[in-house]
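Each chain gets a letter, A, B and so on, in the order the sequences are listed, and its residues count up from 1. Just so it is clear, the structure is predicted and the values come from calculations on it, not from any experiment.
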Amino acid sequence: EVQLLESGGGLVQPGGSLRLSCAASGFSFSSYDMTWVRQAPGKGLEWVSAISGSAYSTFYADSVKGRFTISRDNSKNTVYLQMNSLRAEDTAVYHCAKRISSGWTDYWGQGTLVTVSS
Amino acid sequence: EIVMTQSPATLSVSPGERATLSCRASQSVNSNLAWYQQKPGQAPRLLFYGASARATGIPARFSGSGSGTEFTLTISSLQSEDFALYYCQQYNNWPLTFGGGTKVEIK
């Protein structure tokens, strides 16, 4: 059974940093791209970032480019999202998701809440 | 960036009735489109990929169609568990983009 468990969310002041983690199990982790998708309170889904299975390729939404960094440790079956220079508009539940190569996301985690507020 | 537009924003339907949800892309995404269902407090659940390929465990009352810029999700006979939010997503181009969602509510 595929399981994705996010952690690392919390309350942070504007301009601050957080690192989210997503621990994966139930599949061959290094064989799959992973993504982060966020959902602001009461709003729709917004894709944030993706990383290839080998970590060779990374992709970012314009709204987070230069501030967020995605990475992975295939020895720990974990994907990370380092978030710097956080803004109020980054407040959201952040979901990690398993992505079929060059395709759709088939499994999602429950998410971790990030609140950016003074 | 490819803009995905879903309509209507809210669809009021009686149990047992048919629901038709639309998703339009600002440029062709070929068949590289997925549909997701999301219930309050839950993670999204994959319904379709490749515009019309049903994901594992999705009931046959759900169907997906379309290609290029016009896509449709149809629920033939709504069950109580189908009242939820539905999102389309294109994965043809970076950045990946979602539609704004359609809420299917009980009439």
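For the options B:A34, B:P95, B:G50, heavy-atom pairs under 4.5 Å to chain A are most numerous at B:P95. Among the candidates A:E46, A:H95, A:Q110, the residue making the largest number of heavy-atom pairs closer than 4.5 Å to chain B is A:Q110. Your options are B:Q90, B:E1, B:Q89, B:Q38, and the one with the most heavy-atom pairs under 4.5 Å with chain A is B:Q38.
Partners of A:S17 according to the side chain to side chain donor-acceptor pair (under 3.5 Å) rule, which considers only residues two or more places apart in sequence or in another chain, are A:N84. Under the rule for a side chain to side chain contact (heavy atoms under 4.5 Å, CB included), the partners of A:L113 that lie at least two apart in sequence or sit in another chain are A:V93, A:T115.
In terms of hydrophobic clustering, with Ile, Leu, Val, Met, Phe, Trp and Tyr side chains grouped at heavy-atom distances under 4.5 Å, A:Y107 and B:Y86 are assigned to different clusters. Both A:I100 and B:W94 sit in one connected hydrophobic cluster of ILVMFWY residues. Membership requires side-chain heavy atoms under 4.5 Å apart, directly or through other members. Residues B:F62 and B:L85 do not share a hydrophobic cluster, defined by chaining ILVMFWY side chains whose heavy atoms lie under 4.5 Å apart. A:W47 is not connected to B:I2 by any chain of hydrophobic side-chain contacts under 4.5 Å among Ile, Leu, Val, Met, Phe, Trp and Tyr, and they are in different clusters. A:V2 and A:W108 end up in the same hydrophobic cluster when Ile, Leu, Val, Met, Phe, Trp and Tyr side chains are linked at under 4.5 Å.
Only the side chain of A:Q39 comes within contact range of chain B, judged by heavy atoms closer than 4.5 Å.
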What donor-acceptor contacts under 3.5 angstrom involve side-chain atoms of residues 10-21 of chain B, with partners at least two apart or in another chain?
residue: B:S12; atom: OG; partner: B:E105; partner atom: OE2; Å: 2.7
residue: B:E17; atom: OE1; partner: B:S14; partner atom: N; Å: 3.2

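The interface of residues 49-79 of chain A with chain B, defined by heavy-atom distances below 4.5 Å, comprises A:A50, A:F59.
Within the 4.5 Å cutoff, the side chain of B:F98 has heavy atoms near those of the A:V37 side chain.
Contact record, B:Y87 with A:K43: OH-O, 3.8 Å, taken as the closest heavy-atom pair. Contact between A:G109 and B:A43 at its shortest, heavy atoms only, is O-CB, 3.2 Å.
Counted within 6.0 Å of OH on B:Y91, heavy atoms from surrounding residues, nucleotides or ligands total more than 12; the atom is thus considered enclosed. In B:R54, the CZ atom is crowded: over 12 heavy atoms of neighbouring residues, nucleotides or ligands sit closer than 6.0 Å.
Taking the six-membered ring where the residue is Trp, the centroids of B:W35 and A:W104 are separated by 6.0 Å or more.
In terms of modelled atom types and a separation under 3.5 Å, the side chain of B:Y36 and the main chain of A:T105 share a donor-acceptor contact.
Once rounded to the nearest 0.5 Å, the distance linking CG of A:L45 with CG of B:L96 reads 12.0 Å.
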